[in-house]
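These notes are about the structure you will find just below.
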Amino acid sequence: MTRTSYEVLALRGFAGLDNVTGELVRAAWVAVTPVALLCAVLFAARFHRFGAWLAIIFGTITGTVAALAAVQGGNEGSLVGISRTGPVVTLGGAALVIAGAITVLITRARKNVSTSGGTP
């Protein structure tokens, strides 16, 4: 039987993640959406570099967890398996976020170099 990530988190007691570790994992997973929104708000507020660096860190962590969940998901014969759809979509989104953030950093760096190299 496959479950969504939130359903799996509800079953964290079966995995031995009852107390502090389980709450930390749950809080971190629930924080994914607000952190993504924060990156978008930083870009909209013209904090491009800070938003890009935060997006790279966020995309790397989220993409790593999604890749692990996609590889481990759908275990036939196990009591609970993770549906692969969510992790695969999250992994694709993380790759796009990282590529976009790197593009922003490169274009901002080139723009700063070209505007500062002119004659006074």
Side-chain angles (χ1 to χ4, degrees):
M1 169 178 261
T2 58
R3 306 259 183 205
T4 67
S5 60
Y6 293 104
E7 290 172 330
V8 170
L9 283 174
L11 299 172
R12 67 185 181 273
F14 292 118
L17 300 174
D18 285 332
N19 297 330
V20 177
T21 307
E23 284 302 312
L24 182 64
V25 168
R26 185 195 58 77
W29 192 247
V30 172
V32 167
T33 303
V35 172
L37 181 62
L38 176 63
C39 292
V41 168
L42 287 170
F43 279 108
R46 296 184 181 226
F47 293 107
H48 300 282
R49 287 181 193 228
F50 184 67
W53 281 112
L54 183 63
I56 288 173
I57 294 168
F58 167 71
T60 302
I61 293 169
T62 306
T64 302
V65 172
L68 290 172
V71 169
Q72 295 296 323
N75 295 334
E76 287 79 21
S78 64
L79 183 61
V80 175
I82 299 172
S83 174
R84 288 184 192 214
T85 306
V88 170
V89 169
T90 303
L91 183 59
L96 287 174
V97 164
I98 292 170
I102 290 172
T103 303
V104 166
L105 289 174
I106 290 172
T107 57
R108 299 296 294 175
R110 286 184 182 169
K111 185 184 282 189
N112 290 341
V113 169
S114 66
T115 58
S116 64
T119 57

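The first residue of the sequence shown is numbered 1, and numbering continues consecutively from there. Note that the structure is predicted; figures quoted are calculated from it, not measured.
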Hphob cluster co-occupancy, Val89 + Leu96, side-chain heavy atoms under 4.5 angstrom: no
Over all atoms of both residues, closest heavy-atom pair of Phe58 and Val35: CD1-CG1, 3.4 Å
Validation row: Ile102, Ile106 side chains within 4.5 angstrom (heavy atoms): yes
Contact summary for Leu42 and Phe50, nearest pair of heavy atoms: CD1-CD2, 3.4 Å
Close side-chain approach of Val104 to Phe43, heavy-atom, < 4.5 Å: yes
Which atom of Ala52 lies closest to which atom of Ala101, heavy atoms considered: O-CB, 3.4 Å
Minimum heavy-atom distance between Ile98 and Ile56, given as atom pair plus value: CG1-O, 4.3 Å
Nearest heavy-atom neighbours spanning Gly59 and Ala94: O-CB, 3.4 Å
Leu91 to Gly63 - nearest heavy-atom pair and separation: CD1-O, 3.4 Å
pair Leu105-Trp53: side-chain heavy atoms closer than 4.5 Å: yes
